[in-house]
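Index from 1, following the sequence. Everything quoted here is computed from the prediction, not taken from an experiment.
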Amino acid sequence: MKNITIINLVFFCLTSCIVHSQTTPNILSTTAQQPYPKALVDYSDFKNLVLEIEKQRENRLVSLDVFLKMSQEKNTVILDSRSDFRYNRKHLKGAIHLDFTDFTQENLNKLIPDPNTIILIYCNNNFNGDQIDFTSKVVLPIKTSETPTIKNSKPVMLALNIPTYINLYGYGYKNVYELDELVNVNDPRIKFEGTEIKVNP
């Protein structure tokens, strides 16, 4: 009698395990497949935009002399898309500002109503000699204990000019020109404005 009870108990445990193993995956898969609203993100849209403007951008890279000459023309603006903090501290004289994180169709239309406006852009990576207000956006190869030697590695530039150019184009501003020169902040050809600029009495 005792043996029968033990056999029944073992059979019950095995049956429970089998049922559990068959039902659990269904519950998990059902949970994982629950529909949810997708984020307003489309990698394909961005990739297609990059491919579309790649050749155009090559012809819109200009030297500082050309940049400054163009800035004097009608219906032309210099746009600084760095943070409010950086812009307020130091920016090219005459530059208007919209933080890249605030780029929307509405905000850009308020700032630059005419989509045919010539827009000149620059970023931190266009200037050297001031790593406080124009800190270079770059990833340097790092030597660690896991990678004692780094081969075929080079710095990766993450300049704000690139996403600024792409987004302006995507929002309908096709006349964008980008400063291509690395300029020393003490270059006499340029003037800065901002809270960190000392004004001679």
Side-chain angles (χ1 to χ4, degrees), residues 45-46 48-138 155-201:
D45 282 350
F46 187 81
N48 292 336
L49 194 57
V50 170
L51 293 174
E52 180 180 336
I53 71 171
E54 186 173 5
K55 290 297 181 183
Q56 189 219 41
R57 178 179 168 270
E58 289 180 4
N59 298 319
R60 300 296 181 89
L61 302 174
V62 298
S63 67
L64 179 62
D65 285 336
V66 173
F67 186 96
L68 294 175
K69 183 177 180 181
M70 290 180 69
S71 71
Q72 302 302 313
E73 297 175 0
K74 291 183 179 180
N75 202 30
T76 300
V77 297
I78 300 175
L79 176 63
D80 187 321
S81 62
R82 297 176 303 147
S83 68
D84 292 340
F85 178 74
R86 292 298 167 202
Y87 172 82
N88 289 333
R89 281 176 60 89
K90 197 174 198 179
H91 60 267
L92 284 183
K93 186 175 182 179
I96 61 176
H97 175 255
L98 183 63
D99 192 320
F100 180 74
T101 59
D102 290 328
F103 271 31
T104 64
Q105 193 168 24
E106 182 180 8
N107 287 342
L108 283 165
N109 187 56
K110 286 179 180 177
L111 185 67
I112 310 173
D114 182 1
N116 295 312
T117 300
I118 295 174
I119 304 174
L120 306 174
I121 62 173
Y122 69 89
C123 71
N124 283 2
N125 285 29
N126 284 120
F127 299 98
N128 63 13
D130 182 354
Q131 283 299 307
I132 295 177
D133 292 309
F134 291 101
T135 306
S136 299
K137 308 296 185 183
V138 56
V156 177
M157 302 301 167
L158 298 174
L160 183 60
N161 276 342
I162 303 296
T164 297
Y165 193 107
I166 294 169
N167 276 261
L168 285 171
Y169 187 96
Y171 279 114
Y173 297 91
K174 311 298 185 184
N175 293 325
V176 182
Y177 290 81
E178 178 185 333
L179 180 58
D180 191 40
E181 189 173 339
L182 180 62
V183 185
N184 188 278
V185 292
N186 296 314
D187 191 309
R189 293 176 295 172
I190 56 176
K191 296 188 186 315
F192 291 105
E193 295 176 319
T195 58
E196 296 307 303
I197 305 304
K198 296 178 180 179
V199 179
N200 294 326

Straight-line distance of Leu182 CG to Ser136 OG, nearest 0.5 Å | 7.5 Å
Which heavy atom of Ala159 sits nearest a heavy atom of Cys123, and at what distance?
-> CB-SG, 3.8 Å
By salt bridge (charged side-chain N to carboxylate O under 4.0 Å, His left out), Arg60 pairs with (sequence neighbours left out) none
So do Val62 and Leu120 actually touch side chain to side chain, heavy atoms under 4.5 Å?
-> no
Cut-off 3.5 Å, no hydrogens considered: what does the side-chain donor-acceptor table look like for residues 92-100, sequence neighbours left out?
| from | atom 1 | to | atom 2 | distance (Å) |
| --- | --- | --- | --- | --- |
| His97 | ND1 | Asp84 | OD1 | 3.4 |
| His97 | NE2 | Arg82 | O | 2.8 |
| Asp99 | OD1 | Thr101 | N | 3.0 |
| Asp99 | OD1 | Thr101 | OG1 | 3.0 |

Side chain proximity check, Glu181 to Tyr122, heavy atoms < 4.5 angstrom = no
Test salt bridge (charged side-chain N to carboxylate O under 4.0 Å, His left out) applied to Lys110 - qualifying residues, sequence neighbours left out = Glu106
Strictly by modelled atom types, are Tyr169 and Glu52 linked by a side-chain donor-acceptor pair under 3.5 Å?
-> yes
Who pairs with Phe67 by ring-ring contact (aromatic ring centres under 6.0 Å, His included), at least two apart in sequence or on another chain?
-> none
Hey, is the main chain of Asp102 close enough, under 3.5 Å, to the side chain of Asn107 for a donor-acceptor pair?
-> yes
Pairing residues for Asp114 by the salt bridge (charged side-chain N to carboxylate O under 4.0 Å, His left out) criterion, not counting sequence neighbours = none
Counting N and O atoms only, with roles assigned by atom type, does the side chain of Asp130 sit under 3.5 Å from a partner on the main chain of Val185, one being a donor and the other an acceptor?
-> no
Answer yes or no: does atom CD of Gln131 have more than 12 heavy-atom neighbours from other residues, nucleotides or ligands under 6.0 Å?
-> yes
Not counting sequence neighbours, list each pair that qualifies as a salt bridge (charged side-chain N to carboxylate O under 4.0 Å, His left out) and has a residue in residues 162-180.
-> Arg57-Glu178
Heavy atoms from other residues, nucleotides or ligands near CD1 of Ile132 exceed 12 (cutoff 6.0 Å) | no
